[in-house]
> 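One structure is given below, represented as structure tokens, and several questions about it will come after.
Each ligand, and each atom within it, is numbered from 1 in the order the structure gives.
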Amino acid sequence: MAKNRTSFVCRDCGGTQPKWIGRCPDCGAWDTLESFTESAASATSSVGTVAGISLTGSIEPDGVATAATGVLAKAVPLIEIDQLDVPRIPTEISELDRVLGGGLVPGAVALLGGEPGIGKSTILMQVAASVVGAGRTVLYASSEESPQQIRLRGDRLIGEDLASANELFLCTETNLVRIIEEIRRVKPDLVLLDSIQMVYRGDLDAPPGSTTQLRRCCHDLVQVAKITGAAVVVVGHVTKEGQLAGPKLLEHLVDAVLSFEGDREHGHRIIRATKNRFGSTQEIGLFEMTGAGLQEIDEGGIAVEVDGPGISGSILTATMAGTRCLPVEIQALTSTGFLGSAKRRGTGLDANRLAMLIAVLEKHGGQRLADQDIFAAVTGGVRVVEPAADLALVLAIAGAHHGRAISRGTVVLGEIGLTGEVRSVRNIEQRLRELARRGATAAIVPSSQAAPSQGLGLEILPVRGIGAALGLLS
Ligand code: TYD
Ligand code: MG
């Protein structure tokens with residue numbers, strides 16, 4: 001008889017170990033290994049069969065899908081591969097299409113991750129509506145909500161068009177095998193599954209949401225997509241406590257990983273691709289949650305306050321996200337902590353970069369911060385991961401510490417090196433132009449970029465090092 005194999009999979013990084021150990025040797029996380037049982041029978045399912053259901057023959061693999069994701073069993077010279085563009089199913093939601101690189105790809109699986117309540121189900125319904133509107137068939141498989149709840153949301157988001165959306169199918173099943181049966185029956189162009197944490201395979205001795213179930217179910221869906229040529233979008237929850245196996249575990253199984261971020265207070269939502277086999281991971285999609293669902297917005301929808309007196313601990317700068325430029329406000333707060341165990345927390349910022357900049361401030365800026373708790377944040381739910389915001393962050397921290405500020409209309413751009421020098425940033429003209437358009441009147445820039453910064457209607461204050469920049473705080 002075939003024996004089941006048990007291994008241990010890290011919930012955070014997906015690394016597999018033969019034995020349980022307290023710390024994952026791949027990512028260093030503690031207590032994240034979970035047992036993962038793979039039945040020998042299911043591991044060797046035959047070609048075209050997923051979870052015991054034969055999908056070949058019933059659904060002909062789409063010719064185009066084969067071109068995009070098909071298998072080449074026999075090696076051929078790369079030059080002989082058709083240069084055909086990857087076929088796409090546009091979602092017609094341009095902010096989402098921009099992130100996807102033109103639309104969903106037939107035969108590929110995209111994972112949409114985000115905290116509960118951020119708007120994942122909302123965007124799925126909107127995608128379903130527009131794809132159906134373009135004459136395609138969509139299967140919306142929800143394992144979280146009742147049919148009535150989904151109908152209610154559909155009415156709210158789609159309204160009267162719902163009456164004519166004959167090709168929008170709904171099932172509220174949690175058993176993956178039955179969902180795959182429905183895919184076989186309905187033959188959709190697009191499958192939306194909400195969420196991967198709630199579906200299960202009955203033949204596995206593990207609860208829904210466990211590592212074993214998540215891995216197997218996701219793997220099955222990847223196979224279903226490949227065989228049927230349907231595009232698949234799978235929702236995955238991320239919890240702050242890391243209770244459920246996060247989408248990290250699934251990242252290497254799927255073709256694209258989209259993460260839904262945002263700031264509930266502002267209503268802004270940002271979708272970015274953290275992995276995309278069919279496009280770039282630079283672009284972001286901007287949305288606003290309204291009473292009528294997620295509305296697309298452009299950079300103009302991210303508001304920044306440029307009027308009024310300077311505020312200590314708050315600096316305006318601009319960050320690049322792909323081809324677009326977003327104005328952002330960096331805030332910092334310092335308070336007395338314990339020497340040797342002072343807290344350093346960043347929201348929307350890279351923690352290592354924050355620590356490095358605090359060290360530079362101490363060494364080259366003459367600041368004493370060893371006993372200071374430092375909190376820094378980017379407002380508006382935007383993540384700033386590029387060094388061009390270094391100088392703004394440093395001025396926000398020093399300003400907060402000394403109760404000093406720069407005038408509100410003065411924006412700050414510059415990367416900081418380990419020796420305290422202010423280095424040039426890319427796309428400075430585009431950033432300054434955008435900030436000037438928003439009403440900025442002056443800019444602190446790296447002295448190496450004083451020349452390209454001229455002529456944009458801003459008073460230019462070039463600085464060579466961090467000391468000179470700190471001198472501008474008053
Ligand atoms: P939801 O999409 O259900 O979030 P998720 O699936 O990620 O858990 O909805 C998130 C929130 O958005 C919910 O609290 C209600 C709100 N919302 C609106 O403000 N407007 C709308 O049109 C809809 C459908 C939801
Ligand atoms: Mg939901």
> Closer than 4.0 Å and a protein heavy atom, does any atom meet both conditions relative to atom 19 (O) of ligand 1?
yes
> Can you check atom 13 (C) of ligand 1: any protein non-hydrogen atom closer than 4.0 Å?
no
> List ligand 1 atoms under 4.0 Å from A292, heavy atoms only on the residue side.
22 (O)
> Would you give the length of the straight line joining atom CZ of R153 to atom CD of Q126, rounded to the nearest 0.5 angstrom?
10.0 Å
> At what distance is the nearest protein heavy atom to atom 6 (O) of ligand 1, and which residue and atom is it?
S121 OG, 2.7 Å
> My understanding is that we take every heavy atom of each candidate and find the minimum distance to atom 1 (P) of ligand 1. Doing that for I118, T122, L152, which one comes out nearest?
T122
> Please round to the nearest 0.5 Å and tell me the distance separating atom CD of Q430 and atom CG of L435.
10.5 Å
> List the steps and the verdict of side chain to side chain contact (heavy atoms under 4.5 Å, CB included) for L258 and L96.
CA-CA 10 Å; L258 306 180; L96 183 59; 4.2 Å; yes
> Rounded to the nearest 0.5 Å, how far does CG of L395 lie from CD1 of I330?
10.5 Å
> Measuring from atom CD1 of I297 to atom CZ of R269, what distance do you get when rounded to the nearest 0.5 angstrom?
10.5 Å
> Working to the nearest 0.5 angstrom, can you tell me the gap between M289 CE and T122 OG1?
4.0 Å
> Starting from atom 4 (O) of ligand 1, what is the nearest protein heavy atom, named by residue and atom, and what distance separates them?
G119 N, 3.2 Å
> Identify the protein heavy atom lying closest to atom 3 (O) of ligand 1, giving its residue, its atom name and the separation to 0.1 Å.
R153 NH2, 3.1 Å
> Provide, to 0.1 Å, the distance between atom 22 (O) of ligand 1 and the closest protein heavy atom, together with that atom's residue and name.
G293 N, 2.8 Å
> Applying a strict 4.0 Å limit to heavy atoms, is T290 in contact with ligand 1?
yes
> Could you tell me whether D194 and ligand 1 have an N or O pair separated by under 3.5 Å?
no
> Please identify which of these residues, Q197, H237, Q149, meets the side chain to side chain donor-acceptor pair (under 3.5 Å) condition with E144.
H237
> How far is atom 16 (C) of ligand 1 from its nearest protein heavy atom, and which residue and atom name does that atom have?
M289 CE, 4.1 Å
> Could a heavy atom of G117 be found less than 4.0 Å from some atom of ligand 1?
yes
> Between L157 and ligand 1, does any nitrogen or oxygen pair lie at a separation below 3.5 Å?
no
> Is it true that T319 and E386 share a donor-acceptor pair across their side chains at a distance under 3.5 Å?
yes
> Salt-bridged, E95 to R324, with N to O below 4.0 Å?
yes
> Using a plain distance cutoff, I'd like to know if P116 has any nitrogen or oxygen under 3.5 Å from a nitrogen or oxygen of ligand 1.
no
> Does the distance from a Lys or Arg side-chain N to an Asp or Glu carboxylate O, for E434 and R438, drop under 4.0 Å?
yes
> Within the stated cut-off of 2.8 Å, is an N/O/S atom of S121 closer than that to the Mg ion (ligand 2)?
yes
> If you look at every heavy atom in T317 and V412, which pair is closest and at what distance?
OG1-O, 2.7 Å
> On a heavy-atom basis, I'd like to know which of M125, R156, Q295 is closest to atom 21 (C) of ligand 1.
R156
> Which ligand 1 atoms, with their elements, are less than 4.0 angstrom from a heavy-atom of K120?
2 (O), 4 (O), 5 (P), 6 (O), 7 (O), 8 (O)
> Does the N or O separation between H237 and ligand 1 drop below 3.5 Å for any pair?
no
